[in-house]
Amino acid sequence: MTVDGRAAYGGLPDTAGLLLDPDELPDGLVVADETGQVVAFNAAAARITGIPADEVLGKHISEALPLEDFEGRHWWEYTDPYGGLATRTRQPERSLLLPGGREVLVTARYVRDGRCGPVRRLVVALRDTVARSRQERNSAELIATVAHELRSPLTSVKGFTATLLAKWERFTDEQKRLMLETVEADADRLTRLIAELLDIARIDAGRLEVRRQVVDMEATVHRHVERLVTAGYPPERFVVRVSGPLPEMWVDPDKLDQILANLLENAVRHGSGTVTITVEAEGEGTAVTVSDEGPGIPAELVSRVFTKFWRGSRRGGTGLGLYIVKGLVEAHGGTITVGSAPSGGAQFRFTLPAGTPGFAS
């Protein structure tokens with residue numbers, strides 16, 4: 001690192017009177033002067049943010065670190081360190097987002113000239129871990145989400161079974177069948193939710209197993225489209241395009257089914273118009289693109305699509321599906337991106353390498 005904090009303001013004196021090089025600090029350090037210009041940006045800050053120091057030194061702190069919270073609010077605008085409350089001396093640690101969705105833990109200290117004086121120096125500490133606050137918030141939100149999602153089907157199952165047991169003779173066969181079909185559907189919903197939770201636990205722990213087999217990608221895509229047509233969606237709503245010969249793919253068929261089912265169901269439920277699925281060879285693997293003609297995803301929310309509990313503008317569901325999809329794709333060594341389709345709707349594209357047999361890997 002050619003430019004460091006010591007060169008900017010003379011280094012940090014320790015308790016023994018020695019100068020401490022900011023680059024020796026384990027956490028990121030960003031210092032702005034009384035005008036808000038960045039005068040120090042240590043090596044850890046460059047590593048955590050992915051921004052070279054020489055690109056931010058001399059810039060205003062809000063431009064150098066354009067931080068946002070998980071609601072999309074610009075952190076510097078609503079904390080306003082230089083024009084806010086004169087009694088404020090710090091900002092507690094919290095998780096914030098940099099452009100591109102990079103998550104960092106941020107805390108700030110306002111160094112003032114005397115009590116309630118103007119800010120003389122703004123000292124910001126950055127950490128590249130989401131332990132503590134982020135984990136605690138995730139755990140609390142996961143518990144709340146699971147409790148909410150479990151309550152509805154469990155209430156239905158309990159209600160129908162209790163009614164059938166108490167008043168079996170009063171119902172016709174058709175009524176009994178209808179109630180049992182409802183119980184079965186709610187049981188399936190519970191099974192899917194539990195499977196999602198297990199997948200998240202394995203993804204977070206890095207223990208997701210991939211059992212590779214030869215898979216016909218084109219046939220798999222057509223099978224999922226046929227399933228949606230059978231479920232009641234008009235066949236003319238789907239267009240499948242396969243470009244050129246595809247390589248032999250060794251992937252986990254169950255996980256591929258999860259990926260395609262989630263992306264196609266998102267397209268038909270949250271999008272509109274024609275859903276186009278393109279399958280093509282890419283490098284030594286295969287790329288699949290799912291596009292719709294709906295309202296799309298606002299640019300400012302794209303970086304949050306694959307985070308836990310993201311539901312976009314519509315509520316409902318666990319908000320875990322796309323997080324799981326990303327984990328399943330990456331477990332195969334692939335990548336997934338989201339953007340705008342030519343028609344203006346959302347476009348998801350994932351690429352999977354051809355892979356090797358499970359017994360060989």
Side-chain angles (χ1 to χ4, degrees), residues 72 141-142 144-146 148-153 155-156 181-182 184-197 199-200 203 217 220-241 254-279 287-329 336-350:
E141 190 166 357
L142 184 60
T145 298
V146 171
H148 175 76
E149 292 295 322
L150 288 174
R151 181 170 52 191
S152 177
T155 300
S156 174
E181 287 175 348
T182 304
E184 182 185 35
D186 285 329
D188 288 340
R189 181 177 168 189
L190 290 171
T191 301
R192 286 194 300 271
L193 177 59
I194 292 170
E196 283 186 351
L197 296 175
D199 283 336
I200 285 177
I203 290 169
M217 294 289 286
T220 302
V221 169
H222 280 289
R223 175 163 53 81
H224 278 271
V225 170
E226 290 168 5
R227 179 180 61 83
L228 290 170
V229 171
T230 303
Y233 292 99
E236 60 271 15
R237 189 172 179 186
F238 302 95
V239 174
V240 178
R241 296 173 180 160
D254 293 335
K255 292 176 174 55
L256 178 61
D257 282 341
Q258 282 182 265
I259 294 168
L260 289 172
N262 196 294
L263 294 180
L264 290 175
E265 287 173 6
N266 274 352
V268 296
R269 289 179 181 176
H270 304 299
S272 61
T274 302
V275 176
T276 303
I277 306 101
T278 302
V279 186
V288 179
T289 305
V290 179
S291 307
D292 63 66
E293 297 177 345
I297 301 171
E300 64 272 14
L301 298 179
V302 166
S303 63
R304 299 174 178 81
V305 167
F306 296 111
T307 58
K308 289 180 185 175
F309 312 115
W310 186 84
R311 299 181 182 88
S313 58
R314 301 186 183 184
R315 307 301 292 177
T318 61
L320 301 173
L322 290 175
Y323 176 81
I324 293 174
V325 165
K326 184 174 185 288
L328 296 177
V329 169
I336 184 168
T337 58
V338 60
S340 296
S343 58
Q347 177 173 283
F348 289 86
R349 177 182 176 86
F350 69 91

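Starting from 1, each residue takes its place in the sequence as its number.
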- Determine, for Lys255 against Asp199, whether the closest basic-nitrogen to carboxylate-oxygen distance falls under 4.0 angstrom.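 Looking at Asp199 together with Lys255, the answer is no, because their closest N to O distance does not fall below 4.0 Å.
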
- Find the distance between OG1 (Thr337) and CZ (Phe348) and round it off to the nearest 0.5 Å.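 Answer rounded to 0.5 Å: 9.5 Å.
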
- How long is the gap from CG on Leu260 to CE on Met217, to the nearest 0.5 Å?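 Separation between the atoms: 6.5 Å.
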
Which heavy atom of [X] sits nearest a heavy atom of [Y], and at what distance?
{"X": "Ala341", "Y": "Asp292", "answer": "CB-O, 3.9 Å"}
{"X": "Gly294", "Y": "Ser272", "answer": "CA-OG, 3.2 Å"}
{"X": "Pro342", "Y": "Gln347", "answer": "CD-OE1, 3.6 Å"}
{"X": "Val229", "Y": "Pro235", "answer": "CG2-CA, 3.8 Å"}

Who passes side chain to side chain contact (heavy atoms under 4.5 Å, CB included) against [X], sequence neighbours left out?
{"X": "Asn262", "value": "Asn266, Leu322, Val325"}
{"X": "Asp186", "value": "Pro153, Ser156, Val157, Thr182"}
{"X": "Ile203", "value": "Leu208, Tyr323, Ile324"}
{"X": "Thr276", "value": "Val239, Arg241, Thr274, Thr278"}

- Under the salt bridge (charged side-chain N to carboxylate O under 4.0 Å, His left out) test, which residues partner Arg349, sequence neighbours left out?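 Partners of Arg349 under the salt bridge (charged side-chain N to carboxylate O under 4.0 Å, His left out) test: Glu280, Glu282.
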
- Task: List in chain and number order the residues that pass salt bridge (charged side-chain N to carboxylate O under 4.0 Å, His left out) with Asp188, two or more places apart in sequence or in another chain; answer none if no residue qualifies.
- Result: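 Counting only residues at least two positions away or on another chain, Asp188 forms no salt bridge (charged side-chain N to carboxylate O under 4.0 Å, His left out).
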
- Task: List in chain and number order the residues that pass side-chain hydrogen bond (donor to acceptor under 3.5 Å, both in side chains) with Glu293, two or more places apart in sequence or in another chain; answer none if no residue qualifies.
- Result: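 Residues passing side-chain hydrogen bond (donor to acceptor under 3.5 Å, both in side chains) with Glu293: none at all.
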
- Residue pairs fulfilling salt bridge (Lys or Arg N to Asp or Glu O under 4.0 Å) with at least one residue in residues 337-346, sequence neighbours excluded: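 Those involving residues 337-346 do not exist here.
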
- Task: Sort and list the pairs that fulfil salt bridge (Lys or Arg N to Asp or Glu O under 4.0 Å) and have at least one residue in residues 258-267, not counting sequence neighbours.
- Result: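 Sorted result for residues 258-267: Arg227-Glu265.
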
- Task: Taking the side chain as every heavy atom from C-beta outward, state whether His224 and Ile277 have any pair of such atoms under 4.5 Å apart.
- Result: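 A side-chain contact under 4.5 Å is absent here.
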
- Item | Check: Val221 and Phe238 side chains under 4.5 Å, non-hydrogen atoms |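 A side-chain contact under 4.5 Å is absent here.
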
